[in-house]
Amino acid sequence: MKAAVVNDFSRPLEIKDVPVPTPGPGEVLVRIEASGLCHTDIHAAHGDWPVKPTPPFIPGHEGVGIVEALGEGVVHRVLGERVALPWLGSACGHCDHCVNGWETLCESQQNTGYSRDGGFAEYAVADATYVVPVPDGVDPFDAAPLTCAGVTTYKAVKVAHIQPTEKVAIFGVGGLGHLALQYAAIVGGTVIAVDIEDAKLDLALELGADHVINARANDPVEAIEALGGCDVAIVLAVLPSVFEQAFASLRRGGRLVCVGLPPESDGPMALPIFATVLKGISVIGSIVGTRQDLAEVFALHAQGRTRVIAEPRKLDEVNEAIEDVISGRVAARLVFEL
């Protein structure tokens, strides 16, 4: 099969022929139809984070495709079923996090496209328990970005406990942000989209944002304060300075939801202790959603409640696609069609 392989963190991905994997006990073989390019895949390919994947490996944690073979003991998946292969490739299933609905915090988890091969290939093997069925009416091209960008921002909105009419600032309108603002609107938030590109802010307005702020042309803290401050700030950008701006834009009792993950070299964000305490600010780290969260994301999309903005690419173009994402030339998401 064709696959995009990371052989070395300092070199481009290599398109090569590799053996089609065989599903082991409890696994399924999935013929990949579409696989989204997430910034996490780029961090994985470059070895940007403290815990690094081990080359050679195949990235991709937004893979969607058809179950082609069942491993021994698999009875809850069927041949021909369309499934998604999310970041959470597997978890232990019995620790306190797993049994309390926080499987994404399991310390024994395996991650698709990171600690196990992912969807940048014509076929992938996945744990049958942790793939998520894609409902009829959800195209694989749309399902791919929803598998990470969707479920990650949906979870961020969930943990923020947004109340109707609360002001919600989304910092970064891209692959994640264009979905985050839709979920914030669905739960009744008044949405403020913040970005440095007018084209992305125009997209935000098209998708239902109530206010937009160009952070290159205006101080976003002052602009949000002019609107009365925000109750929730969800940060999808990866610069520590943006997290600090988001914090400063919060009203008393506000919640800062941290989602974007910068390279380790970018350093920490600085939070003022007095303002955090005296204003009663909550700082929340939000990781990707669970299998149930992803099922809800798919259900919302099947109901026509969300739109996915994405451009198609071929797997052979993986390195060019990565450069386009890094340079900011992509409006929202790129999806490899296989």
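Because only heavy atoms are used, hydrogens play no part in the values below, and waters and symmetry mates are left out as well, while side chains stay in.
A donor-acceptor contact under 3.5 angstrom links the side chains of Asp198 and Asn214, judged on distance only. In summary, the side chains of Asn319 and Glu317 do not present any donor paired with an acceptor at a separation below 3.5 Å, with no hydrogens or angles considered.
Summarising the geometry of Thr153 relative to Ala149, their closest heavy-atom pair is OG1-O, 2.8 Å, with the distance given to 0.1 Å. Closest of all the heavy-atom pairs between Leu271 and Val283 is CD1-CG2, 3.8 Å. Nearest heavy-atom pair, Glu244 versus Pro268, reported as atom, atom and distance to 0.1 Å: OE2-O, 4.4 Å. Shortest non-hydrogen contact noted between Met1 and Pro19 is CE-O, 3.9 Å. Across Ala144 and Gly36, no two heavy atoms sit closer than the pair CB-N, 3.7 Å. Between Leu88 and Ala91, the closest heavy-atom pair is CD1-CB, 4.4 Å.
Both Val5 and Tyr123 belong to a single network of hydrophobic side chains, linked directly or stepwise wherever heavy atoms of I, L, V, M, F, W or Y lie under 4.5 Å apart. Under the 4.5 Å side-chain contact rule for hydrophobic residues, Leu181 and Ile224 do not share a cluster. Val157 and Phe243 are not part of a single hydrophobic cluster, where members link through side-chain heavy atoms under 4.5 Å apart. Tracing side-chain contacts under 4.5 Å through hydrophobic residues (I, L, V, M, F, W, Y), one reaches Leu176 starting from Leu207; they form part of the same cluster. Under a hydrophobic clustering in which Ile, Leu, Val, Met, Phe, Trp and Tyr are joined whenever their side-chain heavy atoms come within less than 4.5 Å, directly or via other members, Leu294 and Val131 fall into different clusters.
Here the side chains of Val28 and Pro23 are not in contact, with every heavy-atom distance at 4.5 Å or above. When side chains are defined from C-beta on, Ile15 counts as touching Val318, because their heavy atoms get closer than 4.5 Å. Looking at heavy atoms from C-beta onward, His46 lies out of side-chain contact with Phe9 at the 4.5 angstrom threshold. Between Arg255 and Glu166 there is a side-chain heavy-atom pair separated by less than 4.5 Å. Side-chain contact between Val64 and Val83 is absent, with no heavy-atom pair separated by less than 4.5 Å. With contacts defined as side-chain heavy-atom distances shorter than 4.5 Å, the pair His301/Arg307 does not qualify. Side-chain atoms of Arg333 and Glu62, non-hydrogen and from C-beta on, do get closer than 4.5 Å to each other. Residues Thr129 and Ser90 fail the side-chain proximity criterion, which asks for heavy atoms closer than 4.5 Å.
Here the side chain of Ser249 pairs a donor or acceptor atom with the backbone of Ala246 at under 3.5 angstrom. Judged purely by atom type and a 3.5 angstrom limit, Asn100 uses its side chain to pair as donor or acceptor with the backbone of Asp96. Checked by atom type and distance alone, the side chain of Glu222 never pairs as donor or acceptor with a backbone atom of Asn218 at under 3.5 Å. With Asp195 contributing its side chain and Val173 its backbone, the two residues share a donor-acceptor pair below 3.5 Å.
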Run the side chain to side chain contact (heavy atoms under 4.5 Å, CB included) check on Phe336 and Ile32 step by step: do they pass?
CA-CA 10 Å; Phe336 299 117; Ile32 302 296; over 6 Å; no

Hey, mind stepping through Val232 and Lys167 against side chain to side chain contact (heavy atoms under 4.5 Å, CB included) and telling me if it holds?
CA-CA 6 Å; Val232 174; Lys167 295 186 182 72; over 6 Å; no

Walk me through whether Ile170 and Leu236 qualify under side chain to side chain contact (heavy atoms under 4.5 Å, CB included).
CA-CA 7 Å; Ile170 307 296; Leu236 307 169; 3.8 Å; yes

His61/Thr147 under side chain to side chain contact (heavy atoms under 4.5 Å, CB included): CA gap, chis, key distance, verdict
CA-CA 8 Å; His61 58 278; Thr147 298; over 6 Å; no

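With values rounded to the nearest 0.5 angstrom, Leu146 atom CG is found 10.5 Å from Asp139 atom CG. To the nearest 0.5 Å, the span separating OG1 on Thr152 from CD1 on Ile234 amounts to 12.0 Å. One finds the CD atom of Gln109 at 7.5 Å from the CG atom of Leu105 (value rounded to the nearest 0.5 Å). In this structure, NZ on Lys155 lies 13.5 Å from OH on Tyr183, to the nearest 0.5 angstrom. Put simply, OG1 on Thr306 and CD1 on Ile186 are 6.0 Å apart, with the number rounded to the nearest 0.5 Å. Between Phe171 atom CZ and Cys230 atom SG the span is 6.0 Å, to the nearest 0.5 Å.
The environment of Arg251 atom CZ is sparse: at most 12 non-hydrogen atoms of other residues, nucleotides or ligands sit within 6.0 angstrom. Around the CG atom of Leu278, the shell of radius 6.0 Å holds more than 12 heavy atoms that belong to other residues, nucleotides or ligands. With a 6.0 Å radius and a threshold of 12 heavy atoms from other residues, nucleotides or ligands, Glu72 has its CD atom at or below the threshold.
Using a 30° and 60° split on the angle between ring planes, Phe57 and Tyr114 fall in the tilted class, from 30° to 60°.
Salt-bridge formation is not detected for the pair Lys2/Glu122: no Lys NZ or Arg NE/NH1/NH2 atom is positioned less than 4.0 Å from an Asp or Glu carboxylate oxygen. We find that Glu27 and Arg116 are joined by a salt bridge, their nearest charged nitrogen and carboxylate oxygen being less than 4.0 Å apart. Between Arg291 and Glu103, at least one side-chain nitrogen of the basic residue sits less than 4.0 Å from a carboxylate oxygen of the acidic one, meeting the salt-bridge criterion. Asp324 has a carboxylate O that lies under 4.0 Å from a charged side-chain N of Arg313, or vice versa, which qualifies the two as a salt bridge. Under 4.0 Å is where a charged nitrogen must lie from a carboxylate oxygen, and between Glu323 and Arg329 no such pair does. Residues Lys158 and Asp293 are paired through a salt bridge, judged by an N-O separation under 4.0 Å between the basic side chain and the carboxylate. Using a 4.0 Å cut-off between charged nitrogen and carboxylate oxygen, Glu33 and Arg82 count as a salt-bridge pair.
The six-membered or imidazole ring of His97 lies away from that of Trp102, with a centre-to-centre distance of 6.0 Å or more.
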